[in-house]
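Only one structure is covered here, and it is reproduced in the block below.
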Amino acid sequence: MKARYNPMELMITIAARNLEDGAMVVVGTGVPCAAAMLAQMTHAPNLTILFEAGGVAPILPTMPISVGDSRTTHKALKATSMAEIMELCQAGIVDYCFLGGAQIDKYGNLNSTIIGNDYYKPITRFPGSGGANDLASLCWKTLVVTPQNQKRFANKVDFITTPGYLQGGNSRYDAGLPANTGPFKVITDIGVYGYHTETKEMMLLSLHPGKTMTDVQENTEFEILIPDQFETTLEPTEEELKTLREKVDPTQVIIGRS
Amino acid sequence: MKARYNPMELMITIAARNLEDGAMVVVGTGVPCAAAMLAQMTHAPNLTILFEAGGVAPILPTMPISVGDSRTTHKALKATSMAEIMELCQAGIVDYCFLGGAQIDKYGNLNSTIIGNDYYKPITRFPGSGGANDLASLCWKTLVVTPQNQKRFANKVDFITTPGYLQGGNSRYDAGLPANTGPFKVITDIGVYGYHTETKEMMLLSLHPGKTMTDVQENTEFEILIPDQFETTLEPTEEELKTLREKVDPTQVIIGRS
Amino acid sequence: MNEKELHKGLGKLFGAPNTDDMRLFFKGKNKAMKNKLTSVSEAVSSLVMDGDYLAIGGFGGVRIPTAIIHEILRQKKKNLGFAGHVSTHDCQLLSAGKCFNRCDAAYIVGLEARGLSKNARRIFESGDIEITEWSNAALAWRFKAAAMGIPFLPARVMLGTDTFKYSAAIEMECPFTQQKLTALPALYPDVAIIHVHKADVFGNCQINGILVADDDISKASRKVIITTETIISNEEIRREPEKTVIPYWYVDAVIEVPYGSYPGNMPGEYFSDETHLKKWLLAEKDQETFEKFIEHQIYSSADFYEYLEKNGGMNNMKELVRLEHLY
Amino acid sequence: MNEKELHKGLGKLFGAPNTDDMRLFFKGKNKAMKNKLTSVSEAVSSLVMDGDYLAIGGFGGVRIPTAIIHEILRQKKKNLGFAGHVSTHDCQLLSAGKCFNRCDAAYIVGLEARGLSKNARRIFESGDIEITEWSNAALAWRFKAAAMGIPFLPARVMLGTDTFKYSAAIEMECPFTQQKLTALPALYPDVAIIHVHKADVFGNCQINGILVADDDISKASRKVIITTETIISNEEIRREPEKTVIPYWYVDAVIEVPYGSYPGNMPGEYFSDETHLKKWLLAEKDQETFEKFIEHQIYSSADFYEYLEKNGGMNNMKELVRLEHLY
């Protein structure tokens, strides 16, 4: 029997549900943008979408290919500079950002700079922070959407490009980062994770239908906290799938990746 | 015999001559603006005029009444913010500014804040710094055009609103103000003054035709340095007067004040 | 730091540059794009509280929110603070209403080339007003720091002067160059009142000509009241996204007030009414005359339109439009 | 400061944030408004020197000065430094030419959603390049500090991370709130190369759509080279002074280069050539293929127009114009 939806469609739908009406979100290309568009077309028509390169609240006619391309200012409310977008975030205006990375640890720290033990002689060089460090430092809540596997969910990231809860506890705040900010949820192809209120360790919130605790454990190098009670992820509704497939991504650029 | 020009016309002409072609100057309303316009229409067609409120290089159709009014952006090259103009000055782009004040001392410090010995109970309250402190701190050379008298040329200003050479010598630089900036010339109805290279005390550069050393001394509370040699101020040429009267200030708003 | 003595201004800081508190405030602000059209009296009564600290847009006699200031007088708002960065006719108005008890002063009591306000001077010389000194750039950068979400901005102004001494700035050393700098604390007003050329009902605003500090003021302030010459559609805003100076989420109230900058200049629309401004300076010379003058001009006017009518109405407005377009 | 340990990045600062030196430089720059029209080859040979530090306008694949970068490759400029703030196709090009030996890296070696450049990665993994880490905002604010004439800007990014550790930032304490902040040193590039929509012959420039950091970059840099889709008259510039992003006095050279952002997107004019960018990524998979590819595309092209011709000429440009105006 063919599944009613694929993992990508599930992740985008969950991400979209996390964006409430009246919120502001900085998105990148791909999944985050699809999630924000889906949210706007379903429960959050008043979601304001920002792009770090300067696009403010465009009416997106199609998925942008760059966070700075002309789609990001299509019928936008404002076209401005990267500095101004980042200053918005620094001032506390922006609720959400979406990030990814080559590695994530149990405190939600992200690596998108290098793989290897020696910074000066990396095995692999990645792009670096881009705006990720800024957005994760300055927006109120960081959402991560990523496929889950042992390599990616690492015991220790090779390089903290982008701050999660750093070393856990109050270390993020002690480092000087704005109060009450930090990783919010991690949405994978296996489940949805949050963070423990005090220790700031990653913690299971819901398992996707058909997924098991073994899937969680086998695809994570560190130990994920398992609370006594957790949910089963609500599946995408017919309306969500229809909107996603017909309006958000009709050419399957993103949802076709699954 | 009627004089060929009045003191205001003389002061504006001298001020204009101090603005070389290719320079940038921040001006206020009145005399400074008239001087900059006269310079543009005579020897300095490439003089760039800025207004602190945001007007950049307008083609001035008439004298503005406010440094922010719409004349200051008439056919301007740019209309921007006060912060951007001040940042230009801070970056070292701007050569000259023109200032005045209720009092000036021998180091060129200016007072436009209060008269009286107690800041909290002033005899007279004036507007305060406005942009004067900023421009005198940040532009390369400060020009002061002012009528000269004992009260105004004070031994000690009641309040240093705007920095000249502060306490003389290197004190201006030691205070943290940008290197090689400071008061350049003072143009009065009696003479033109500069500053001693080392002590930074005010020093006579030229006496206006018909004025005497007694005029200088009787109208100054402090002692003005008198070098062995000084010039007699060159009188306005016919061309300068014609341009000033017919093009710069045809309604005699400024030159009529004399 | 050896020989470098670091100074601290004696002046009072009227609000702490507490970025984390302000972040929380901005987080709580409703950011849905909803219709914010209201009236001048409603905006002032619901958004300007006694004791609030005001930031006034424009440049004293250029693009000023006159209707809002008049209403502040009529509603007898008291104990306000305000940022006096080239505060000319606005300072004169607030002084006429005895509305404030504190001021960050960069330029007050004067009307540029037009002269000084006798009444404003009297109030500032009375000793009843708490004054902290700044320069124009210092106030502009204090707004900018707040707009940027940082607690201070370094600058190279005010150093060595009494303006610094009576400010609330702090001297600091650059961590890279060890040079002395002035640290300017972020300034977060309670209410910004700004007059613009065009706005949509959500508060997306366009401004022609100079911005002065209004881009930063709108970002720095807890509440923002916009008066606008014209209401335009959201579609028109979206047609030229480069022109949006103030985006909707900062804005709490939008009121269409044609000729709203009168007697000030509105760049590209109408010139300042210099005759009317001279009347103000003249009336201030005698206390009794002045009280009658403001009673007639402001307190006895039901609204801004009655004030306009008392000052020549459309005939005079047309003349000011003509003057603006002379060149 | 007690418990607050203040950190300092280990990375190299490729230029000192020396405001007084830069003030002297800007003082010496000729500010007369003169005709600066020149050619791409002349601009590069006279203004880009071996060892110079570059700032490249636009956003990697959006509004990029492709013609100037190609010419930098053709003239075999070496030992350049550059600011990698979303440096995508520009980073790929400079890597293809082996033009640089140092980089302030915020975003390098990638092409956003399109993938990663194998050749650029090889160079950055070689150990031959000095790299200092930053975030996008950090680089944007470093340009802004320089543009503002201050040696540093405080910010709340990079704290607590390895990005900070391998940067050249310094942790500092706020003089008002005592909170920890990142001090970001002013960044003064030797040369800025920026592609704009419209410029006059003096260098007054208009940009449609996002600015990215180009307002600040033009102010921060010692020399500025502008390529423009169209030359317009000075009268047209003066008709809308609000639209002037870069004023003439910063600019050293102006060259009219229609389709100058190709294969990048030019907002409102033409879309990016995704097919061509895919060819780059594909060619990079094999070293020999890649060398032939860049020889054909760049080194053997006399100028930018020959490059455009090799990639479909006007037919392709028309298609990209059509794609841009689909919505």
Side-chain angles (χ1 to χ4, degrees), chain A residues 28-30 51-55 61-62 64-75 79-87 89-90 109 111 113 119-135 137-138 157 159-163 166-167 171-172 174-178, chain D residues 4 58-63 84-86 88 105-110 112-114 116 121 124-125 127 133-138 140-141 143-144 155-163 165-166 171 179-182 208-216 265-268 271-272 274 324 326-327:
Chain A
T29 54
F51 291 88
E52 68 174 71
T62 182
I65 196 155
S66 156
V67 301
D69 81 32
S70 42
R71 303 340 184 190
T72 65
T73 50
H74 182 74
K75 297 186 183 174
T80 183
S81 64
M82 185 191 279
E84 189 168 359
I85 299 294
M86 295 301 189
E87 288 157 19
C89 297
Q90 195 163 243
N109 300 306
N111 174 16
T113 304
Y119 169 74
Y120 300 102
K121 285 178 190 162
I123 295 165
T124 312
R125 172 77 210 195
F126 290 118
S129 159
N133 181 298
D134 310 310
L135 298 173
S137 296
L138 305 174
V157 296
F159 191 100
I160 302 183
T161 309
T162 296
L166 297 176
Q167 290 75 45
S171 61
R172 181 183 163 99
D174 292 342
L177 291 169
Chain D
K4 292 188 188 171
F59 196 76
V62 180
R63 202 168 49 67
H85 62 125
V86 188
T88 68
Y107 185 99
I108 54 172
V109 311
E112 298 190 74
R114 301 171 191 104
L116 296 168
R121 287 175 85 176
F124 276 96
E125 288 162 1
E133 297 292 320
W134 303 93
S135 63
N136 273 347
W141 287 325
F143 288 131
K144 191 174 283 294
R156 307 191 71 184
V157 297
M158 305 206 307
L159 293 157
T161 63
D162 290 324
T163 304
K165 184 176 171 187
Y166 292 96
E171 247 180 53
Q179 74 197 98
K180 274 187 196 170
L181 296 164
T182 300
N208 299 332
I210 55 170
L211 297 179
V212 195
D214 297 357
D215 48 349
D216 291 324
N265 171 213
M266 190 67 183
F271 203 63
S272 46
E274 294 303 320
E324 177 68 8
L326 265 185
Y327 308 103

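Below, each value reflects all heavy atoms present in this structure, side chains not excepted, and no hydrogens, waters or symmetry copies. Chain letters run A, B, ... following the sequence lines, proteins first, then strands; residues in each count from 1.
- Contact of S272(D) with chain A is made through the side chain alone, with heavy-atom distances under 4.5 Å.
- Counting heavy atoms from C-beta outward, I65(A) and R114(D) have side chains that approach closer than 4.5 Å.
- Of the listed residues A132(A), P122(A), G68(A), the one with more heavy-atom pairs under 4.5 angstrom with chain D than any other is G68(A).
- Expressed to the nearest 0.5 Å, how far OG1 of T80(A) lies from CG of D215(D) amounts to 8.0 Å.
- Remark: the N265(D) side chain and the S66(A) side chain contain no N/O donor-acceptor pair separated by less than 3.5 Å.
- The closest side-chain heavy-atom distance from M86(A) to W141(D) is below 4.5 Å.
- Contact annotation for A138(D): only backbone heavy atoms (N, CA, C, O) come within less than 4.5 Å of a heavy atom of chain A.
- When heavy atoms are compared at a cutoff of 4.5 Å, I108(D) approaches chain A by way of both its backbone and its side chain.
- Side-chain contact between T124(A) and E125(D): present, with at least one pair of heavy atoms (C-beta onward) separated by less than 4.5 Å.
- Between T29(A) and E112(D), the side chains place no donor N or O within less than 3.5 Å of an acceptor N or O (distance only, hydrogens not considered).
- No side-chain heavy atom of T161(D) sits under 4.5 Å from any side-chain heavy atom of F159(A).
- In this structure, R125(A) contributes its side chain and R121(D) its backbone to no donor-acceptor pair below 3.5 Å.
- The closest side-chain heavy-atom distance from M82(A) to F59(D) is below 4.5 Å.
- With contacts defined as side-chain heavy-atom distances shorter than 4.5 Å, the pair D69(A)/F271(D) qualifies.
- With a 4.5 Å cut-off on side-chain heavy atoms, V157(D) and L138(A) count as touching.
- Going from atom NZ of K144(D) over to atom CD of E87(A) covers 5.5 Å, rounded to the nearest 0.5 Å.
- If you tally non-hydrogen atom pairs under 4.5 Å between each of S171(A), G128(A), S81(A) and chain D, the highest count goes to S81(A).
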